[in-house]
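Side chains are part of it too, since the values below use all heavy atoms of this structure and drop only hydrogens, waters and symmetry mates.
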Amino acid sequence: GTISRTTPFGSVKILLANKIDLTKELATAAKEEEALTKFIVNTQVKLENKAFVKNAPQEVVAAVKQQEKDLQAKLRAIRIHKKEVHKLQK
């Protein structure tokens, strides 16, 4: 199979070896998605804790907010990856 992407520099096609176990790849991605979701929930709980936000140094609160943004970006990437793998299975 192939994956096609359009970038500002043009289109790119990535040829995938037939040796990739797509079922295993989806299972791995699902585990990563689950773990990231748990981390995001924990981060959100921390940020919703008014005592934490009030008492923690602002640098710490800012770092936790950035961590949540980074985790959300990783989660979006994992979900896109899963969709691409599903397409390859068809």
Could you go step by step and tell me if Glu32 and His81 meet the side-chain hydrogen bond (donor to acceptor under 3.5 Å, both in side chains) rule?
CA-CA 11 Å; Glu32 290 177 20; His81 176 69; over 6 Å; no
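Rounded to the nearest 0.5 angstrom, Ile40 CD1 and Leu75 CG are separated by 4.5 Å. For the atom pair CZ (Phe39) and CD (Glu68), the distance works out to 14.0 Å, reported to the nearest 0.5 Å. Going from atom OG1 of Thr23 over to atom CD of Glu25 covers 10.5 Å, rounded to the nearest 0.5 Å. From Lys69, atom NZ reaches atom CG of Leu71 across 12.5 Å, with rounding to the nearest 0.5 Å.
Members clustered with Val53: Leu47, Phe52, Val60, Val61, Val64, by chain and number, using a 4.5 Å side-chain heavy-atom cutoff among hydrophobic residues. With a 4.5 Å cut-off between side-chain heavy atoms of Ile, Leu, Val, Met, Phe, Trp and Tyr, the cluster of Val41 takes in Val45.
The salt bridge (charged side-chain N to carboxylate O under 4.0 Å, His left out) test applied to Glu34 returns Lys38, not counting sequence neighbours. By the side-chain hydrogen bond (donor to acceptor under 3.5 Å, both in side chains) test, Gln72 is found to be paired with no residue, residues two or more places apart in sequence or in another chain being considered. Take Lys65 and apply the salt bridge (charged side-chain N to carboxylate O under 4.0 Å, His left out) test, not counting sequence neighbours, and it matches no residue.
For residues 70-82, every residue pair satisfying the salt bridge (charged side-chain N to carboxylate O under 4.0 Å, His left out) rule, not counting sequence neighbours, is listed here: Glu33-Arg79, Glu33-Lys82.
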